[in-house]
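Have a look at the structure below before the remarks.
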Amino acid sequence: MKNKNGKIHIYIGDGKGKTTAALGLAMRARGAGLKVIVLQFLKKGKYSELKSLQKLGVKVEQLGRRNFCNPKKVKPDEKKKAQAGVMLASDIIFSKKYDMVILDEINVAIKFCLIQEEELIDLLKLKPKGVELILTGRGLPKQLIKLADYVTEMKPIKHPFKNGLEARLGIEE
Ligand code: ATP
Ligand code: MG
């Protein structure tokens, strides 16, 4: 592992930029020769970044579907996928094969009750020193925020989604 002093980052908030900030870090890390993997929770589909990440030599795994679920009506299969994602994240982090591990939208999986915040506490506390760990997504995982080193909230001042503009190719997806 190249990184000796890995930190924990969390991107939260309703504004644009959580996933793109994490991907920006991935790009920078690859420039320094760090090994990077992205696990996308609740995302399935051909996001434009998949092609770019492949070119950069960043591995990506998609876990679950892109949908909004009701925390009061958790679907067992969605929960299973999210749980499998946590196991995979844990295996990857402790394997020490990657210098940077990005858990994209994992905060949303917590918000939707597919994952309990408690399940991730040990992961954050016990992660190998060399791993830089990045969590993104709307939500407020208070216990994880306490354990993180960098916590950044994206605050929307304006977002065209409010005026009905759908996600655009190459910009949001
Ligand atoms: P990006 O991937 O552009 O960095 P993000 O990771 O910060 O965005 P997410 O919470 O993952 O944002 O969701 C982005 C999706 O939600 C987009 O398709 C966007 O159109 C939609 N959306 C709805 N409202 C907002 C808002 N206030 N801010 C950002 N995205 C929004
Ligand atoms: Mg995102």
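Bear in mind that the values here come from a model prediction, so they are computed numbers and not experimental data. Sequential numbering from 1 along the given sequence is applied to the chain's residues. Any value given below was found using the heavy atoms of this structure, including those in side chains, with hydrogens, waters and symmetry copies removed. Just so you know, ligand 1 is whichever comes first in the structure, and atom 1 is the first atom listed for that ligand.
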With clusters defined by side-chain heavy atoms of hydrophobic residues (ILVMFWY) lying less than 4.5 Å apart, directly or transitively, does Leu147 cluster with Leu140?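 Linked, Leu140 and Leu147 end up in one cluster.
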Pairs where residues 13-37 contributes a residue and the test side chain to side chain donor-acceptor pair (under 3.5 Å) is met, not counting sequence neighbours: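 Those involving residues 13-37 are Thr19-Asp104, Thr19-Glu105.
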Would [X] count as being in polar contact with ligand 1, using the rule that some N or O on each side must be under 3.5 angstrom apart?
X: Glu166; value: no
X: Lys18; value: yes
X: Ala21; value: no
X: Glu105; value: yes
X: Phe161; value: no

So which N/O/S atom does Glu105 have closest to the Mg ion (ligand 2)?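 Nearest N/O/S atom of Glu105: OE2.
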Please step through salt bridge (charged side-chain N to carboxylate O under 4.0 Å, His left out) for the pair Glu61 and Lys59, ending with a clear verdict. CA-CA 7 Å; Glu61 299 270 0; Lys59 198 171 158 59; 3.6 Å; yes
With under 30° as parallel and over 60° as perpendicular, where do the rings of Tyr11 and His9 fit, or are they tilted in between?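 Tyr11 vs His9 ring planes: tilted.
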For the Mg ion (ligand 2), decide whether Thr136 has an N, O or S atom at a distance under 2.8 Å.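 Here the distance criterion (N, O or S atom, under 2.8 Å) is not met by Thr136, so no.
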side-chain contact (heavy atoms from CB on, under 4.5 Å) partner of Leu50, the single match among Lys43, Lys55, Gln40: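 When Lys43, Lys55, Gln40 are each tested with Leu50, the side-chain contact (heavy atoms from CB on, under 4.5 Å) holds only for Gln40.
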